[in-house]
Engineer: 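This is the structure I want to talk about, given as structure tokens.
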Amino acid sequence: MSPTPMKLLTVVAEAALERRLTADLAALGARGWTIVEAHGHGRHGDADGDMLGGGNIRMEVVAPPAVVDAVVTHLRDVYFEHWGMIVFTHDVDVVRSEKFKG
Amino acid sequence: MSPTPMKLLTVVAEAALERRLTADLAALGARGWTIVEAHGHGRHGDADGDMLGGGNIRMEVVAPPAVVDAVVTHLRDVYFEHWGMIVFTHDVDVVRSEKFKG
Amino acid sequence: MSPTPMKLLTVVAEAALERRLTADLAALGARGWTIVEAHGHGRHGDADGDMLGGGNIRMEVVAPPAVVDAVVTHLRDVYFEHWGMIVFTHDVDVVRSEKFKG
Amino acid sequence: MLSLAAENLLSPMTLAFVLGLVAALVRSDLKLPAEVQAALSLYLLLAIGLKGGVALSEADPSAVVLPVLATLVLGVTQPAWSYAILRRLGRFSRVDAAALAAHYGSVSAVTFIAAIAFLTAAGVPHEGFMPALVALLEVPAILVAMWLGRRGSTPPRDAEGGGGLWHELLAGKVTMALVGGLVIGLLTGKSGMAQVEPFFVDPFKGVLALFLLELGRMAGSRLRDLRSAGVFLILFGTVMPVAHAAVGIGLGYMAGLSAGGAYLFGVLAASASYIAAPAAVRMALPEANPGYYVTASLAITFPFNLTVGLPLYLMMAEALYT
Amino acid sequence: MLSLAAENLLSPMTLAFVLGLVAALVRSDLKLPAEVQAALSLYLLLAIGLKGGVALSEADPSAVVLPVLATLVLGVTQPAWSYAILRRLGRFSRVDAAALAAHYGSVSAVTFIAAIAFLTAAGVPHEGFMPALVALLEVPAILVAMWLGRRGSTPPRDAEGGGGLWHELLAGKVTMALVGGLVIGLLTGKSGMAQVEPFFVDPFKGVLALFLLELGRMAGSRLRDLRSAGVFLILFGTVMPVAHAAVGIGLGYMAGLSAGGAYLFGVLAASASYIAAPAAVRMALPEANPGYYVTASLAITFPFNLTVGLPLYLMMAEALYT
Amino acid sequence: MLSLAAENLLSPMTLAFVLGLVAALVRSDLKLPAEVQAALSLYLLLAIGLKGGVALSEADPSAVVLPVLATLVLGVTQPAWSYAILRRLGRFSRVDAAALAAHYGSVSAVTFIAAIAFLTAAGVPHEGFMPALVALLEVPAILVAMWLGRRGSTPPRDAEGGGGLWHELLAGKVTMALVGGLVIGLLTGKSGMAQVEPFFVDPFKGVLALFLLELGRMAGSRLRDLRSAGVFLILFGTVMPVAHAAVGIGLGYMAGLSAGGAYLFGVLAASASYIAAPAAVRMALPEANPGYYVTASLAITFPFNLTVGLPLYLMMAEALYT
Ligand SMILES: Nc1ncnc2c1ncn2[C@@H]1O[C@H](COP(=O)(O)O)[C@@H](O)[C@H]1O
Ligand SMILES: Nc1ncnc2c1ncn2[C@@H]1O[C@H](COP(=O)(O)O)[C@@H](O)[C@H]1O
Ligand SMILES: Nc1ncnc2c1ncn2[C@@H]1O[C@H](COP(=O)(O)O)[C@@H](O)[C@H]1O
Ligand code: NA
Ligand code: NA
Ligand code: NA
């Protein structure tokens with residue numbers, strides 16, 4: 001086993017953004033992502049899904065630091081002002097790092 | 001981009017506790033949280049949701065270390081004895097750290 | 001509060017594998033796990049759940065490093081070739097570490 | 001009579017329950033998603049409430065007074081003697097005895113619904129307002145049992161305060177759906193009901209069958225907990241319903257109900273809650289062991305009532321009335 | 001007339017909405033899972049589309065021309081004057097005014113569906129092809145309002161491009177289900193429809209009641225936003241529908257519709273979108289405050305129309321036609 | 001005959017499938033939540049099982065023997081020759097050939113259900129016990145194909161052991177629901193069935209339409225895989241069903257079935273599994289490429305059978321019987 005360091009980026013955002021965010025990720029070089037449905041609370045109040053949408057998604061991307069940096073910058077510039085969103089990152093060890101490279 | 005270190009607290013607990021846990025979080029100074037539905041296995045056996053409840057929630061809180069410490073202590077003292085629950089923490093880098101401060 | 005270092009293993013894999021993976025985990029010494037339903041994208045294309053299955057699960061295991069190593073090796077040898085799966089690990093602090101030991 | 005029992009065993013509803021049981025035992029993935037199951041549960045409660053409300057809108061108020069009083073008597077006495085028996089004979093801890101008493105004092109709406117289906121198939125008439133009594137019986141027994149369990153002891157730090165429990169019970173989905181349905185039925189009356197009958201009345205038994213399939217699964221997946229539950233609990237879970245049924249039928253008789261009504265009153269008494277009570281007990285008595293109360297209520301008493309109890313209690317009621 | 005209003009208030013559908021409202025206010029866990037709610041929504045849209053399509057397959061094409069034109073007139077003018085009023089009198093920002101104008105220019109399919117149920121109960125006939133007009137009115141008003149909101153300003157970096165908005169609207173689930181149902185109804189005709197009537201027609205009102213229960217919850221949980229919405233918005237959300245209804249009924253009359261048809265046309269005009277418009281506005285005008293547009297549409301105008309509007313507009317239509 | 005084909009194309013069921021296809025192609029968010037889709041699937045299987053069981057309870061046992069034998073013959077021979085053709089003519093690898101053979105040897109319950117709806121609309125009677133044969137045909141073909149794929153090779157480390165496969169097949173939801181429904185129907189008989197008919201029978205075709213909407217989506221979202229599947233697979237996916245239908249109708253004739261029964265038997269043979277087989281193959285032959293077997297079964301053969309096959313096979317059956 002030879003774990004390789006990579007970055008894990010986690011984004012919690014309004015579910016309505018899903019299509020746009022995955023398009024952004026692909027454009028910025030991410031090779032994959034994982035999404036789960038979520039609800040929560042933040043500056044924009046409660047985010048509880050009902051028929052009107054209103055729920056959140058929690059999205060994870062494992063990628064090399066440069067890709068993660070580019071994505072974070074993009075998200076901050078484009079979505080932070082008007083959308084419910086938080087972003088955090090940390091290091092992880094992965095198996096078969098070639099899966100995650102551009 | 002100026003990522004700031006924060007703590008990420010993850011709690012997996014019985015879904016029936018959701019309302020009480022979010023009230024606790026708010027009282028102890030957390031500014032937000034993210035919840036996903038989960039199932040799992042632990043000392044209390046299988047936690048598979050059916051109509052009787054019985055499922056878990058997985059709750060994440062990004063907050064300054066002091067807030068996370070206070071929450072962990074509270075959870076340990078109040079819920080660990082009688083409820084299915086695990087708690088773990090680690091450091092994360094966040095964008096716009098002011099969002100997470102008390 | 002006395003947090004103890006442990007490893008957190010995260011596996012994202014095809015949902016059809018759930019029963020086999022939990023059996024593997026139990027056999028390799030994990031004391032518990034948490035699963036959420038997920039969808040995503042990777043080398044195998046889109047993994048969106050419909051009635052045919054096709055969705056993913058996101059599985060977390062908190063365990064001592066030795067157990068996590070054994071599980072990672074097993075997953076890599078048995079599932080990586082033919083199945084959609086990614087695996088990553090990092091350190092976490094836990095409360096009451098005895099809950100997670102074999 | 002025996003043919004009635006056989007017919008009950010071979011009804012699509014009972015058989016669907018058995019299919020669910022088998023599916024759980026062979027670890028099949030046959031399963032209604034939890035979301036759909038929750039929707040079916042809401043449907044059944046609303047539907048039975050609606051019907052009861054319409055009946056109530058046409059009932060002579062004076063005919064309702066005594067049955068309501070009888071229900072309140074049941075709601076206080078059932079948990080009390082259940083608690084005493086579980087403490088003395090069963091040697092259960094205070095909280096476990098109180099937890100079980102809450103379940104056997106309260107009521108299972110689905111058992112009641114199955115009993116109405118059974119009664120209708122048997123051609124026995126009954127007072128239409130009976131569902132109102134279900135709503136009435138559900139809550140008090142749980143409160144009485146909680147009080148028994150907490151008497152003289154300080155609650156653990158994780159116990160929900162009293163306000164939480166009251167809210168949980170009165171604003172809980174079972175009560176809200178049942179009472180909501182009752183009030184809607186009462187206000188909208190027969191003509192309003194006619195508009196929604198093809199949805200809330202005609203497919204009712206079929207939905208019930210689908211719902212019982214999933215209840216069977218839930219009971220089946222708890223069958224292996226029976227061993228740890230012990231012989232006393234199995235006895236309690238089968239004898240207590242019969243005793244409660246006898247008391248209920250007698251009280252119904254004294255309250256002036258018809259044979260069908262007294263039968264349903266007996267079923268009310270005999271049934272043990274498995275939605276409202278477990279949720280309330282988990283929050284208010286977290287030290288109690290769900291391995292006892294959920295197993296007894298769902299894996300012992302519910303199947304017993306569904307298969308043996310329903311025809312047996314009708315025999316008992318008819319014996320009293322003839 | 002008053003009895004009609006009372007009957008509307010006491011219909012199972014309206015009462016279910018109220019039950020949902022109450023459930024939200026007492027913070028009950030009575031709730032249809034979101035997945036089931038989405039399925040009910042799809043069912044209602046398909047069902048209403050199917051019925052409209054079958055009617056369209058038998059309609060005289062020439063009878064449809066004028067109502068279609070009238071619909072397009074509504075679709076352009078309603079958002080325009082709504083926008084002007086909100087800017088001048090309401091002093092809303094450009095984007096907030098445009099967002100609200102999109103909602104009040106577009107249409108609420110469920111209000112329309114409730115109006116058909118009401119009309120049927122009142123025994124007033126109507127042109128069967130009206131659902132086609134719902135589909136037609138939904139989209140243009142939103143596009144007009146978006147254009148008003150964006151005029152002369154560069155979109156913020158996070159605004160969806162025009163292509164995205166068009167796709168969102170035309171391939172959106174409300175339009176697809178409604179138009180899909182219409183086309184299926186048109187092609188399959190009466191004989192095809194007969195095969196699926198026990199599913200899409202008979203239980204329709206019951207499903208509507210269940211759906212309104214959940215809409216009541218959604219409205220109820222937004223009631224506390226009313227305070228921040230302000231008095232002007234409350235006035236706008238109740239006066240505007242009446243004005244729009246008057247315009248709609250008049251236009252319907254001029255387009256040669258029957259009294260029932262003109263009534264439904266008035267309801268179309270009076271109703272405010274709360275599924276298609278909020279989704280489109282959130283993507284295309286993210287700077288607009290949902291605390292205004294969702295609250296006004298769902299927590300003010302929808303309940304107003306459901307309780308007061310439906311009988312009031314029928315009175316207005318009958319006054320014009322007699 | 002042509003009018004029958006047209007009627008089939010314009011039935012609400014087929015049109016709903018097309019709507020789903022279109023929705024997938026324009027990337028609409030029109031979609032039944034997966035949970036609801038799973039519930040509809042369970043409903044359809046239970047309902048068809050129930051009907052078959054009731055029919056079986058009234059059937060002359062001797063009339064069933066030959067059709068059962070014929071089914072087993074199909075179950076062994078279909079995967080065998082499919083495998084041979086795919087290996088020799090299609091040049092597929094052993095595992096891919098076996099995977100496809102499992103699908104074409106097994107059966108699609110929904111195609112069968114649509115065929116019954118079609119037959120009923122065409123007014124042709126059939127033996128009521130046919131659903132029992134669906135349950136019987138489903139499993140053996142998959143086992144035979146797995147054996148062909150594994151013969152003489154050691155399974156890869158990730159292949160499920162034999163026990164897992166047997167369990168997956170026999171306790172799988174399709175088998176459990178179908179067989180469960182059959183047994184319930186058999187035991188409860190006509191009188192029991194009458195109680196749940198408004199739920200399991202009357203709305204059946206409407207539910208089928210809604211279900212096909214979602215199947216259309218699933219097929220549509222796999223249409224772009226057609227290119228990588230290649231011409232051979234497209235040919236195989238359309239010619240093979242016709243050949244299988246011919247064999248099935250012939251066998252049905254020899255087994256003494258009526259024209260309607262032989263038609264349904266032909267549909268059984270012609271249809272390719274897309275729920276049970278993909279799940280089993282993914283676990284037991286993980287090296288096989290789902291881009292072949294899911295695409296062929298769901299995006300080629302299912303739509304082909306639904307639109308062209310159903311009327312064509314009826315023509316074939318009627319040609320043989322007249
Ligand atoms: N401190 C936090 N910890 C965890 N999740 C958060 C936090 N703050 C916000 N979130 C999540 O991010 C979503 C959007 O955040 P906001 O933009 O603050 O409303 C919320 O609905 C939460 O799900
Ligand atoms: N070692 C573990 N790793 C990941 N999740 C766990 C672990 N142990 C327990 N859990 C989760 O925490 C819940 C409650 O744990 P317990 O109190 O041990 O039953 C379980 O149902 C699991 O979802
Ligand atoms: N780089 C990545 N980051 C996050 N999740 C991923 C990544 N790559 C793959 N995944 C997840 O793992 C699943 C299987 O991956 P794969 O085997 O690459 O198809 C995908 O469906 C995603 O949910
Ligand atoms: Na009781
Ligand atoms: Na309007
Ligand atoms: Na076949």
Side-chain angles (χ1 to χ4, degrees), chain E residues 32-47 49-51 53-54 57 163-164 166-204 206-207 275-276 279-280 283, chain F residues 3-4 6-40 43-44 47 114 116-123 197-214 216-217 220:
Chain E
L32 269 185
E35 290 82 4
V36 176
Q37 183 73 352
L40 296 187
S41 168
L42 176 60
Y43 168 92
L44 292 173
L45 292 167
L46 275 178
L50 277 172
K51 271 202 242 174
V54 173
S57 79
W166 279 92
H167 182 266
E168 168 95 14
L169 286 174
L170 297 179
K173 59 189 165 215
V174 176
T175 312
M176 282 295 284
L178 207 47
V179 174
L182 276 166
V183 173
I184 295 179
L186 199 61
L187 294 175
T188 204
K190 262 208 168 146
S191 71
M193 186 68 182
Q195 299 185 52
V196 294
E197 243 165 40
F199 181 67
F200 281 115
V201 177
D202 300 345
F204 186 81
V207 176
I275 300 184
M283 294 313 280
Chain F
S3 85
L4 216 57
E7 204 172 282
N8 181 50
L9 281 179
L10 296 181
S11 83
M13 284 72 84
T14 313
L15 291 171
F17 181 82
V18 175
L19 176 57
L21 251 162
V22 172
L25 292 179
V26 305
R27 310 188 120 255
S28 167
D29 60 348
L30 178 78
K31 178 173 177 19
L32 269 185
E35 290 82 4
V36 176
Q37 183 73 350
L40 296 187
Y43 169 92
L44 292 173
I116 289 194
F118 177 67
L119 206 55
T120 317
E197 242 164 42
F199 181 68
F200 281 115
V201 178
D202 301 344
F204 186 82
K205 284 190 185 177
V207 176
L208 180 58
L210 209 55
F211 187 82
L212 286 173
L213 175 67
E214 193 63 20
R217 266 188 65 84

Engineer: Which heavy atom in E:Ile275 sits nearest to a heavy atom in E:Ser41, and how many Å separate them?
Structural biologist: CD1-OG, 4.3 Å

Engineer: Are E:Leu50 and F:Pro12 close enough that some pair of their side-chain heavy atoms sits under 4.5 Å apart?
Structural biologist: no

Engineer: Identify the heavy atoms of F:Ala23 and F:Leu30 that sit nearest to each other, and give their distance.
Structural biologist: CB-CD2, 4.1 Å

Engineer: To the nearest 0.5 angstrom, please state how far the CG atom of F:Leu32 sits from the CD atom of E:Glu35.
Structural biologist: 11.5 Å

Engineer: Between F:Leu208 and chain E, which part of the residue has a heavy atom less than 4.5 Å away: side chain, backbone, both or neither?
Structural biologist: neither

Engineer: Between E:Val183, E:Ile184, E:Val179, which shows the greatest number of heavy-atom pairs under 4.5 Å with chain F?
Structural biologist: E:Ile184

Engineer: Under a 4.5 Å heavy-atom cut-off, does chain F meet the side chain of E:Leu46, its backbone, both or neither?
Structural biologist: side chain

Engineer: Counting heavy-atom pairs under 4.5 Å with chain F, which one of E:Ala171, E:Gly180, E:Gly189, E:Pro203 comes out on top?
Structural biologist: E:Ala171

Engineer: Indicate yes or no: at least one non-hydrogen side-chain atom of E:Met193 is less than 4.5 angstrom from one of E:Lys51.
Structural biologist: yes

Engineer: As an exercise: rank E:Pro33, E:Gly185, E:Ser191, E:Ala39 by heavy-atom pairs under 4.5 Å with chain F and give me the winner.
Structural biologist: E:Ala39

Engineer: Where on E:Leu42 is there a heavy atom nearer than 4.5 Å to chain F: the side chain, the backbone, both, or neither?
Structural biologist: side chain

Engineer: Which atoms of F:Val207 are under 4.5 Å from chain E, going by heavy atoms: the side chain, the backbone, both sets, or neither?
Structural biologist: both

Engineer: Restricting to non-hydrogen atoms, name the atom on F:Phe199 and the atom on F:Tyr43 that form the minimum distance, rounded to 0.1 Å.
Structural biologist: O-OH, 2.6 Å

Engineer: Under 4.5 Å, counting heavy-atom pairs only, tell me which of F:Leu10, F:Asp29, F:Thr14, F:Leu210 racks up the most with chain E.
Structural biologist: F:Asp29

